[in-house]
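Here's the structure we're looking at; comments come further down.
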Amino acid sequence: MYDFTGMIQGINNWLHSVMPDMAATVVGWVLIGAIYLAIFAVLGLVLVLAERKIAAFFQLRLGPNRIGPWGIFQTVADAIKLLLKEPVGTKRADSFLYNLAPYFVIIGALMSISVLPFAKGLQAFDIDIGLFFMLAMSSIGVMGILLGGWASNNKYALLGAMRSGAQMISYELSVGLSLLTVILMAGSLQMSEIVEAQRDYWFIFKGHIPAVIAFMIFTIAGTAETNRTPFDLTEAESELGAGFHTEYSGLKFAFFFLSEFVNMFIISAIAATVFLGGWMPLHFGGLEGFNHVMDYIPPVIWFLGKVAFMIFLLMWFRWTFPRLRIDQLMKLEWKYLLPLNLMNILLMAFVVLMGWYLGS
Amino acid sequence: MGAEAILVFFIAGIVLVGGGALASKLLSPKSTNKDKWEPYESGMKTIGPTWVQFKVGYFLIAILFLIFDVETIFLVPWAVVMKKVGLVGFVEIVIFIVILGLGLLYAYKKGAFKWE
């Protein structure tokens, strides 16, 4: 019902009608780039505020409440403050690598959002290996963290970066393997096709037991991948200063901070897209009236609602679980999650082979 | 958009970080003294070099990651065509995963995941 393909095509045709082909293509690229940069910045601002408000909610505080109604302009003020701050680094740093690190984290995050389907047709880059591309791009961020921590020539930063490197590469395995169960069901890596395959049942319902296990593993590994609280050894404020970005200040620090929150959005968006049906409305087989009502809610709302649910879950984790030690972290991944994941893939393959999933 | 999206988003990222760094350079105040640019260590002067030999455990984890990441890459094409290759593909992948599981077990017995 809500198909944006025509709208995008219309804008493209209009651009080509008012200017030469070459210019229209370039203008189109600039428009897409500008829109995604705006999404990126707004995401950062909204998520930082949400994090603080939800933290306040869990601790029976008010949270930011001075700037604007309910403090909604707090993060805007913070961003301006960071822009106007004097950059203080260290003269011992390897300055080329030190300045290069923020580019890695930001470009990795930006490329990952480019393949997200917000609705039918509302997707900048519908590549046929979408999910794989997304995994590859989101793992570029760890290089920025390692570079930044190492180049800072600071002991806290180096320890944070090393822990982060070990943690992120370990949990990347679990993220990748848990997504394999979905690929088994969808038979495709293209994001739009994965969403389309969930028209009748979302994959978490369709794949029942193995899909739920994969979803849980994905949520745990995703939390670790974004360096959030049960797994925040990378930053561990109480032991490492600020971890890998100890020596960064002003806007350079803001880029690490921004990419962290955008990565949280990306992990939530992957979970929403592959397990919770992306922009597909909630449907039950046989309930025609109910399905029809659900169809009226725009797909963008469905998508953002699911992402918001996942983000709330990740923020909830932060205020519920205590931080792990690094040996516990490695034990959890290599001794529990990885073998469980491998068995889960075989179970899912068996289920798909026998056709024991919903709507087969 | 086709593959040119990679270029567009790459440039967008450079514009964001580069533009931000430039704006911050133009807008921010500057003042300096000798201690301001020392490494931050909660107020202590840092002792000795930072870039020294590091714990070998991190290296081991990286090697193991490499093995299992390549394995994931091998599993992805199978997962895409699983419905077509059917039972034969399933049996083959069971053998593949069992061999890898034995590898994992070996690493476990050798104490690769012990962290102390």
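Chain identifiers are assigned alphabetically (A, B, ...) following the order of the sequence lines, protein sequences preceding nucleic acid strands; residue numbering begins at 1 within each chain.
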Legend entry - Leu342(A) side chain near Glu71(B) side chain, heavy-atom distance below 4.5 Å: yes

Inset, instruction - Go through the atoms of Lys30(B) and report whether side chain, backbone, both or neither lie under 4.5 Å from a heavy atom of chain A. - result: backbone

Legend entry - Structural part of Ile6(B) lying under 4.5 Å from a heavy atom of chain A: both

Inset, instruction - Check Pro339(A) against Leu104(B) and note the closest heavy-atom contact, atom names and distance. - result: CG-CD2, 3.8 Å

Legend entry - chain B contact via Met185(A) - which portion, at a heavy-atom distance below 4.5 Å: backbone

Legend entry - Interchain contact, Phe68(B) with chain A, by part (heavy-atom threshold 4.5 Å): both

Inset, instruction - Would you mind checking which part of Phe59(B) comes under 4.5 Å of any heavy atom in chain A, side chain (CB onward), backbone (N, CA, C, O), both or neither? - result: neither

Inset, instruction - Sort Lys85(A) into side chain, backbone, both or neither according to what part of it lies under 4.5 angstrom from a heavy atom of chain B. - result: backbone

Inset, instruction - Please state whether the rings of Phe350(A) and Phe90(B) are parallel, tilted or perpendicular, taking 30° and 60° as the class boundaries. - result: tilted

Legend entry - Contacting moiety of Leu27(B), where chain A heavy atoms sit under 4.5 Å: both

Inset, instruction - For Leu83(A) and Ser28(B), work out which heavy atoms get closest and say how close. - result: O-CB, 4.4 Å

Legend entry - Residue, of Leu158(A), Leu82(A), Thr181(A), that accumulates the most heavy atom pairs under 4.5 Å with chain B: Leu158(A)

Inset, instruction - Can you establish whether the number of heavy atoms outside Lys25(B) located under 6.0 Å from its atom NZ is more than 12? - result: no

Inset, instruction - Sort Tyr156(A) into side chain, backbone, both or neither according to what part of it lies under 4.5 angstrom from a heavy atom of chain B. - result: side chain

Inset, instruction - Output yes when a side-chain donor or acceptor of Lys252(A) lies under 3.5 Å from a complementary backbone atom of Val17(B), and no otherwise. - result: no

Legend entry - Best-contacting candidate, Ala34(A), Ala124(A), Ala109(A), Gly33(A), against chain B by heavy atom pairs under 4.5 angstrom: Ala124(A)

Inset, instruction - Drop me the distance from Ile97(B)'s CD1 to Leu177(A)'s CG, to the nearest 0.5 angstrom. - result: 8.0 Å

Legend entry - Under 4.5 Å from any heavy atom of chain A - which part of Ala62(B): both

Inset, instruction - Output the option from Ile129(A), Val352(A), Ile326(A) having the highest count of non-hydrogen pairs under 4.5 Å with chain B. - result: Ile326(A)

Inset, instruction - Enter the distance from Leu173(A):CG to Ile67(B):CD1 here, rounded to the nearest 0.5 Å. - result: 10.5 Å

Legend entry - Phe255(A), part contacting chain B, at a heavy-atom distance under 4.5 Å: side chain

Inset, instruction - With rounding to the nearest 0.5 Å, note down the distance linking CD1 in Ile107(A) to CD1 in Ile11(B). - result: 10.0 Å

Legend entry - Under 4.5 Å from a heavy atom of chain A, the part of Leu105(B) involved: neither

Legend entry - Minimum heavy-atom distance Leu251(A)-Ser24(B), with the two atoms named: CB-CB, 4.0 Å

Legend entry - Closest-packed option against chain B by number of heavy-atom pairs under 4.5 Å, given Asn153(A), Leu184(A), Val182(A), Ile32(A): Asn153(A)

Inset, instruction - Under 4.5 Å heavy-atom distance to chain A, tell me which part of Val76(B) shows up: side chain, backbone, both or neither. - result: both

Inset, instruction - Working to the nearest 0.5 Å, report the span between CH2 of Trp78(B) and CD1 of Ile183(A). - result: 10.5 Å

Legend entry - Pairwise distance CD1(Ile169(A)) to CG(Leu64(B)) - rounded to 0.5 angstrom: 9.5 Å

Inset, instruction - Could you walk me through whether Leu110(A) and Phe10(B) pass the side chain to side chain contact (heavy atoms under 4.5 Å, CB included) test, one step at a time? - result: CA-CA 8 Å; Leu110(A) 206 53; Phe10(B) 188 74; over 6 Å; no

Legend entry - Spatial distance of atom CG (Leu7(B)) from atom CH2 (Trp29(A)) [nearest 0.5 Å]: 6.0 Å

Inset, instruction - Counting only heavy atoms closer than 4.5 Å, note whether Gln123(A) contacts chain B via side chain, backbone, both or neither. - result: neither

Legend entry - Shortest non-hydrogen contact from Gly18(B) toward Tyr103(A): CA-OH, 3.4 Å

Inset, instruction - Would you confirm whether Trp51(B), through its side chain, and Trp150(A), through its main-chain N or O, come within 3.5 Å as a donor-acceptor pair? - result: yes

Legend entry - Proximity breakdown for Ala151(A) and chain B, heavy-atom pairs closer than 4.5 Å: backbone

Inset, instruction - May I ask you to name which of Gly28(A), Gly187(A), Ala186(A) has the most heavy-atom pairs under 4.5 Å with chain B? - result: Gly187(A)

Inset, instruction - Measure the shortest side-chain to side-chain distance between Ile113(A) and Phe9(B) over non-hydrogen atoms and say whether it is less than 4.5 angstrom. - result: no

Legend entry - Working for side chain to side chain contact (heavy atoms under 4.5 Å, CB included), residues Leu60(B) and Met330(A): CA-CA 12 Å; Leu60(B) 260 180; Met330(A) 291 301 158; over 6 Å; no

